[in-house]
Amino acid sequence: MTESFIKTKDGVDIFYKDWGTGQPLVFHHGWPLSSDDWDAQMVYFVNKGFRVIAHDRRGHGRSSQVSDGHDMEHYSADVAALVEHLDLRNSVHIGHSTGGGEAAAYVARHGKGRAGKLVMIGAVPPIMLKTENNPGGLPMEVFDGFRSALAANRAQFYLDVASGPFYGFNRPDAKVSQGLIQNWWRQGMMGSAKAHYDGIKAFSETDFTEDLKKIDVPTLIMHGDDDQIVPIADSALLAAKIVKNAELKVYKGYPHGMMSTEPEPLNADLLKFIQA
């Protein structure tokens, strides 16, 4: 097991998977999940001849349940430590939801000379919170509701999210997968309630605008237009205007967790972008 962890400068053990050889693809998971959320992508791409790497963010999954550092500054620095440890070059960073913000922050702040491409999927940038400069964002009451539900009964809250809006299973014509629901819940409950509580601020209040302006690698932005967790109008549609030469792909009717509900077409689109 020791070979699957790195220790950061502030003493946090970060768990990671590293499979295969070839061009490295680095996967950044969403809140409050783990690297296991990328199973459908990692198996696909390792079989296509790529080296696939995914880590559990601090406080999530199998990584240390530390009290502090649950913010984008530490998240992106932890990724930098992993990339340097593995000496990755020309890597493609692929992030979903909160992980999309983490991937963007890494590429902007630490990725010079190492990151080759960026993919943001259902990602939180530029900023989720409603502010004077972001009138289309979600009000603070939404995120306070997340915090209250997590603190009161995290297990039930996670079950409600997975069986409802995350995968669009609350839609009338949805094909509900109990396996996806249970796997989401399992991943969430593996992590630290403190990290997940603090992480709500990280994904909702971080303003990634300046990070997005610095990104100069080819970037693909993928988003479902029925995303009930990160509404497309205030995320992908804005981010695509800020990132230089970004390509935007909108998926009609797809939910926030579309990488799990619709892996085949999305993996094919990812492959096309990576190989371009």
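Listed by first and then second residue, the salt bridge (charged side-chain N to carboxylate O under 4.0 Å, His left out) pairs that reach into residues 86-108 are Arg57-Glu102, Asp87-Arg89, Asp87-Arg114, sequence neighbours excluded.
Among residues two or more places apart in sequence or in another chain, the side-chain hydrogen bond (donor to acceptor under 3.5 Å, both in side chains) test is passed with Arg186 by Asp36, Asn183. Qualifying ring-ring contact (aromatic ring centres under 6.0 Å, His included) partners for His28, counting only residues two or more places apart in sequence or in other chains: His55, His93. Not counting sequence neighbours, the partners of Glu210 by the side-chain hydrogen bond (donor to acceptor under 3.5 Å, both in side chains) test are Lys213. Applying the side-chain contact (heavy atoms from CB on, under 4.5 Å) test to Lys201 and every residue at least two apart in sequence or in another chain returns Arg147, Glu205. For Lys48, the salt bridge (charged side-chain N to carboxylate O under 4.0 Å, His left out) criterion is met by no residue, not counting sequence neighbours. Scanning for ring-ring contact (aromatic ring centres under 6.0 Å, His included) contacts around Phe45 gives Phe50, with sequence neighbours left out. Residues that satisfy the side-chain hydrogen bond (donor to acceptor under 3.5 Å, both in side chains) test with Lys112, not counting sequence neighbours, are Asp216. Taking the side-chain contact (heavy atoms from CB on, under 4.5 Å) definition, one finds that Pro139 meets it with Glu141, Val142, sequence neighbours left out. Among residues two or more places apart in sequence or in another chain, the side-chain hydrogen bond (donor to acceptor under 3.5 Å, both in side chains) test is passed with Ser63 by none.
Put simply, the side chain of Met140 reaches to within 4.5 Å of the side chain of Leu129, judged on heavy atoms. The shortest side-chain heavy-atom distance between Val79 and Leu82 does not fall under the 4.5 Å cut-off. Side-chain atoms of His223 and Ser235, non-hydrogen and from C-beta on, do get closer than 4.5 Å to each other. The shortest distance between side-chain heavy atoms of Leu248 and Met222 does not fall below 4.5 Å.
Between the Asp13 side chain and the Phe5 main chain, no donor and acceptor come within less than 3.5 Å of each other. Side-chain atoms of Asn267 come within 3.5 Å of backbone atoms of Ala40 as a donor-acceptor pair (strictly under, hydrogens ignored). Remark: the backbone N or O of Ala80 is not paired with any side-chain donor or acceptor of His85 at under 3.5 angstrom. Of the possible donor and acceptor atoms, one in the side chain of Gln187 sits under 3.5 Å from a partner among the backbone N and O of Ser34. No donor-acceptor distance shorter than 3.5 angstrom exists from the side chain of Asp198 to the backbone of Asp68, with no hydrogens or angles considered. No donor-acceptor pair under 3.5 Å is formed between the side chain of Lys117 and the backbone N or O of Pro218.
Counting all heavy atoms, side chain and backbone alike, Ile242 lies closest to Pro126 at CD1-CG, 3.9 Å. Scanning all heavy atoms of the two residues, the minimum distance from Ala115 to Val107 falls at CB-CG2, 4.0 Å. Minimum interatomic distance between Ala151 and Tyr197 (heavy atoms only, all atoms of both residues): CB-CE1, 4.4 Å. The minimum heavy-atom distance between Pro231 and Leu138, with the atom names listed, is CD-CD1, 4.2 Å. Shown here for Val43 and Val46, the closest heavy-atom pair between the two residues is O-CG1, 3.4 Å. Ile6 and Ala81 make their closest contact through CD1-C, 3.8 Å (heavy atoms, listed as atom of the first residue, atom of the second, distance).
The distance from the CG atom of Leu150 to the OG atom of Ser148 is 9.5 Å, given to the nearest 0.5 Å. Note that the CE atom of Met128 and the CZ atom of Phe208 stand 10.5 Å from one another [nearest 0.5 Å]. Considering CG of Asp144 and OG of Ser204, their distance stands at 9.0 Å, rounded to 0.5 Å. Summarising the geometry, atom CE belonging to Met72 is positioned 12.0 Å from atom CG belonging to Asp207; distances are rounded to the nearest 0.5 Å. Separation of atoms CG (Leu33) and OG1 (Thr98) is listed at 9.0 Å; rounding is to 0.5 Å. Expressed to the nearest 0.5 Å, how far OG1 of Thr261 lies from OH of Tyr254 amounts to 7.5 Å.
Note on Met190: it does not cluster hydrophobically with Leu180, by side-chain heavy-atom contacts below 4.5 Å among ILVMFWY residues. Clustering ILVMFWY residues whenever any of their side-chain heavy atoms sit less than 4.5 angstrom apart, transitively, puts Trp31 in a cluster other than the one holding Val119. Note: the hydrophobic cluster containing Ile229 does not contain Met259 (ILVMFWY, side chain heavy atoms under 4.5 Å, direct or indirect links). The hydrophobic clustering, which links ILVMFWY residues whose side-chain heavy atoms are closer than 4.5 Å, places Leu86 and Ile14 together. In the hydrophobic clustering of ILVMFWY residues, with side-chain heavy atoms under 4.5 Å counting as a link, Leu220 and Ile94 come out together.
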Subject >> Ile221 and Glu247: CA distance, side-chain angles, deciding distance, side-chain contact (heavy atoms from CB on, under 4.5 Å) verdict >> reply: CA-CA 6 Å; Ile221 298 173; Glu247 177 186 353; over 6 Å; no

Subject >> Steps toward side-chain contact (heavy atoms from CB on, under 4.5 Å) verdict (Glu264, Leu266) >> reply: CA-CA 6 Å; Glu264 291 182 8; Leu266 296 175; over 6 Å; no

Original post:
Checking side-chain contact (heavy atoms from CB on, under 4.5 Å) for the pair Phe203/Thr206: CA distance, chi angles, key distance, verdict?
Top reply: CA-CA 6 Å; Phe203 74 65; Thr206 302; over 6 Å; no

**OP:** Give the C-alpha distance, both sets of side-chain angles, the deciding distance and a yes or no for side-chain contact (heavy atoms from CB on, under 4.5 Å) between Ile53 and Leu25.
**Re:** CA-CA 6 Å; Ile53 297 139; Leu25 312 182; over 6 Å; no

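Relative orientation of the Tyr106 and His110 rings is parallel, given thresholds of 30° and 60° on the angle between their planes.
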Can you give the donor-acceptor pairs under 3.5 Å from side chains of residues 158-166 to other protein atoms, not counting sequence neighbours?
| from | atom 1 | to | atom 2 | distance (Å) |
| --- | --- | --- | --- | --- |
| Tyr158 | OH | His196 | ND1 | 2.7 |
| Asp160 | OD1 | Gln156 | NE2 | 2.8 |
| Ser163 | OG | Leu159 | O | 2.6 |

Name each donor-acceptor pair under 3.5 Å that joins a side chain in residues 269-276 to protein atoms two or more places apart or in another chain, with its distance.
| from | atom 1 | to | atom 2 | distance (Å) |
| --- | --- | --- | --- | --- |
| Asp269 | OD2 | Tyr251 | OH | 2.6 |

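Ionic pairing of Asp10 and Arg58 is present here: one or more N-O contacts between side-chain nitrogen and carboxylate oxygen are shorter than 4.0 angstrom.
More than 12 heavy atoms of other residues, nucleotides or ligands shown are found within 6.0 angstrom of NZ on Lys17.
Using a 3.5 Å distance cut-off with no hydrogens or angles, the side chains of Arg62 and Ser35 do pair a donor with an acceptor. Side-chain contact check for Ser192 and His60: no donor-acceptor pair (N or O, by modelled atom type) lies under 3.5 Å. For the residue pair Asp227/His256, the side-chain donor-acceptor check at 3.5 Å is satisfied.
With Pro24 as the fixed residue, the side chain to side chain contact (heavy atoms under 4.5 Å, CB included) test singles out one of Asp18, Leu88, Val92: Leu88. The ring-ring contact (aromatic ring centres under 6.0 Å, His included) test with Phe27 singles out one residue from Trp38, Tyr16, Trp19, Tyr44, and that residue is Trp38.
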